[in-house]
Structure formats: structure tokens, C-alpha cells
There are 2 protein chains.
Amino acid sequence: MKSIRNTVAKNEIHKLIAGSTVALSQAELQAATKGLCDRVTIYRILDRLTQEGLIHKVLNVDGVMKYAGCADTCKAQHKHDHIHFSCQKCKSLTCLAGVEASYRLPAAYTVMEANFTLSGICPNCT
Amino acid sequence: MKSIRNTVAKNEIHKLIAGSTVALSQAELQAATKGLCDRVTIYRILDRLTQEGLIHKVLNVDGVMKYAGCADTCKAQHKHDHIHFSCQKCKSLTCLAGVEASYRLPAAYTVMEANFTLSGICPNCT
DNA sequence: CAAATAAACGCAACTAAGTTGCACTTACAA
DNA sequence: TTGTAAGTGCAACTTAGTTGCGTTTATTTG
């Protein structure tokens with residue numbers, strides 16, 4: 001039977017992401033864990049956590065993938081339509097959980113995923 | 001005095017982007033121009049065209065930058081808040097020029113750029 | 001029209017993100 | 001306690017994008 005194991009590295013990385021107010025990249029996680037495991041392993045752990053629905057991916061404005069914890073509402077209804085904010089000064093990527101974007105699309109399009117990212121200056125940097 | 005020149009490669013690439021209904025990547029432009037110029041030159045031309053306000057960048061869902069022509073409205077009021085649609089089947093990235101997203105942000109944030117991308121199935125692929 | 005010159009170019013080399021294959025290790029179920 | 005599939009480390013690879021530098025060329029100016 002196909003199962004998913006709990007490992008030290010996986011728990012550590014999940015804890016880091018869940019405990020962070022901003023989304024983290026693989027590089028940031030690697031720096032934070034300091035040789036806990038190989039960088040390839042981090043990528044694989046991130047893939048697994050995403051599959052399990054514990055975290056979700058957010059593409060940063062510079063094209064680098066970042067990872068953020070899923071709120072409880074995520075698990076209930078699997079939707080990630082909230083807006084993300086990328087600060088040009090401190091480079092942080094934040095999930096604005098409460099803020100949703102509305103739009104009216106021609107019916108011919110079938111939407112499966114949404115990625116809304118604003119960039120500018122965050123409250124901490126003004 | 002600092003000036004910008006018109007070159008064969010630049011005109012060709014601008015024409016390709018302006019004449020396309022979908023946004024194009026450096027790789028796609030290189031394939032379309034077939035040895036017209038070096039890939040580094042394409043990157044530099046894209047940078048210049050962006051600076052001149054003739055094209056604008058759109059980050060695709062896979063983290064690769066794509067380029068689309070600017071409509072006349074772009075030049076008048078420099079805003080690129082329209083939604084982009086990335087088709088999971090044909091991999092095309094389209095500017096939905098008419099469709100704008102609305103959102104309500106906490107006042108503490110200063111927005112300087114917006115990147116709204118939906119992905120799913122486009123009209124041609126349904 | 002010719003010469004000067006700064007913009008544009010080609011090439012090689014580099015960085016950074018992410019992926020793959022394979023042998024080795026380990027969590028955990030039986 | 002042990003078998004085994006999930007997880008890991010390492011090396012090598014791909015792809016996007018950047019940088020430095022010597023050469024070419026579009027355009028300006030005399």
C-alpha cells in the first residue's frame with residue numbers, strides 16, 4: 001500500500017512553513033535548516049507537503065516558487081484564490097488570506113487555478 | 001545623449017510580439033526568428049522594448065517570463081491590471097485585455113504592480 | 001559624404017532554480 | 001524483529017536568465 005512517512009526533515013520543514021507569516025522558498029528553507037538535509041530532499045518534501053494539502057505553492061514575481069502554509073479553510077474547500085503581496089523592499093511574499101479578487105471572465109474559459117500577486121511596499125517597509 | 005536605435009532584429013521581434021494574440025517567451029521568439037540573432041540579444045531587445053513601453057512582461061505559471069504587445073491604452077495610462085489566462089493544454093498565455101480584477105486591500109499596502117493570472121482550459125482547447 | 005562614437009551585438013562563461021537517475025538508508029507495518 | 005517501499009544523498013543534468021568583453025554598426029555631426 002502506498003503510504004506517506006513522517007521524517008525529521010519533513011516535520012521540521014512543515015513546522016517552519018506553518019510558523020511563518022511569509023511564504024518561503026527552497027533556498028530560504030535550506031538556509032533556515034542549515035544542512036539538515038540535501039536541497040533535492042527539500043524539493044521533494046515540498047512536493048509531498050503540497051500533495052498532502054498541508055502547504056500551497058505561490059509563484060513569486062521573480063519567477064521563484066515559494067511555499068506557504070494552508071489555513072484550515074484551505075483543507076475544507078480547496079481554493080487558493082486569495083491575493084498575495086510581494087514587497088519590493090524586504091522581498092517578503094505574504095498571503096493576504098482575507099482578500100479575494102473578483103472578476104468576470106468570458107464563459108468559454110474554464111478556470112482551474114488562480115494566481116493573484118500584487119507587488120509594492122508592505123506595511124513593515126513604509 | 002542617450003538614444004535608442006532601431007535595428008533589424010529589434011523590429012522583427014517587436015513585429016512578432018505585436019502581431020501575436022498570445023504572449024511569447026524568449027525561447028519561442030528564438031525559434032520563430034531562426035538564427036536572426038543571438039539569444040542574449042533577444043533578452044536585451046526584450047528589455048529595451050519593455051523600457052520603451054512597447055511590450056510588457058507577464059510571468060507565466062511555470063515561472064518563465066513571456067512578453068505581450070502593449071495596447072494603445074497602455075501607452076496612455078501605464079496600467080497592466082488586466083487578467084492573463086494560461087492554458088494548461090496548449091500552453092498559451094493570453095492577455096484578457098477587457099477583463100479587470102477588483103479587490104479591496106488594507107490601506108497599509110502600496111501597490112505598484114499587479115500580476116493576475118488564471119490557468120485552466122482556453123476556448124480553443126475545450 | 002566621411003569619421004567619430006555610443007548603442008547594439010556575438011560569444012563564452014557564469015548563476016540559480018529545479019529535475020532525474022541510482023544506490024543507499026530508514027520508517028513502520030506485519 | 002525484519003522486509004520493503006518510502007525517503008534520502010550525491011552527481012549530473014536542463015533551462016532561464018545574466019555578465020563581461022571585444023567587435024560591429026546605426027546614427028549623429030562635421
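Sequence lines set the chain letters: A, B, ... in the order given, protein chains first and strands last, and positions in each chain run from 1. Side-chain atoms are counted along with the backbone in the values below, which use heavy atoms only and exclude waters and symmetry mates.
In terms of modelled atom types and a separation under 3.5 Å, the side chain of A/T33 and the main chain of A/L29 share a donor-acceptor contact. Using a distance-only test at 3.5 Å, with no hydrogens or angles considered, a donor-acceptor pair links the side chain of A/T50 to the main chain of A/L46.
When distances run from any side-chain atom of B/C37 to the nucleotides C/dT5, D/dT8, C/dG10, the shortest one goes to C/dG10.
Applying the 6.0 Å contact sphere to CD of B/Q88 captures more than 12 heavy atoms from other residues, nucleotides or ligands. Enclosure of atom CD in B/E28 by more than 12 non-hydrogen atoms of other residues, nucleotides or ligands within 6.0 angstrom is indicated.
Side-chain contact between B/Y103 and A/L118: present, with at least one pair of heavy atoms (C-beta onward) separated by less than 4.5 Å.
Phosphate proximity of C/dG10 to B/T41: present, with a side-chain N or O under 4.0 Å from OP1 or OP2. Side-chain nitrogen and oxygen atoms of B/S3 include none within less than 4.0 Å of the OP1 or OP2 phosphate oxygen of C/dA7.
Ring geometry for A/H56 versus A/H82: interplanar angle over 60°, hence perpendicular rather than tilted (30 to 60°).
Rounded to whole Å, the distance from CZ on B/R48 to C1' on C/dA6 is 13 Å. Straight-line distance from the CG atom of B/D62 to the C1' atom of C/dT19: 14 Å, rounded to whole Å. B/I4 places its CD1 atom 13 Å from the P atom of D/dT28, with the value rounded to the nearest Å. Regarding B/L36, its CG atom lies at a distance of 13 Å from the C1' atom of C/dA8, rounded to whole Å. Taking atom CD1 of B/I42 as the reference point, atom C1' of C/dA8 lies 14 Å away to the nearest angstrom. In this structure, A/E28 places its CD atom 14 Å from P of C/dA16, rounding to the nearest Å. Protein atom CG of B/N6 is 9 Å distant from nucleotide atom P of C/dA8, rounded to whole Å. The distance between atom CD of B/Q30 and atom P of C/dC11, rounded to the nearest whole Å, is 12 Å.
Under 3.5 Å, the side chains of A/K15 and A/N11 contain no donor-acceptor pair of N or O atoms. With no hydrogens or angles considered, a side-chain donor-acceptor pair links B/N60 and B/S86 at under 3.5 Å.
For the helix from C/dC1-D/dG30 to C/dA30-D/dT1, the terminal axes (five pairs an end, C1' atoms, rotation from four pairs onto the next four) enclose an angle of 30°, given to 10 degrees.
Applying the ring-ring contact (aromatic ring centres under 6.0 Å, His included) criterion to A/Y109, with sequence neighbours excluded, gives B/F85.
Mapped onto DNA chain D by nearest heavy atom, A/R5 and A/K10 fall at different nucleotides, with A/R5 at the one closer to the 5' end.
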Nucleotide-resolved protein contact map, nucleotides 10-19 of chain D, B/S/- at heavy-atom distance under 4.0 Å: BBB---SBBB
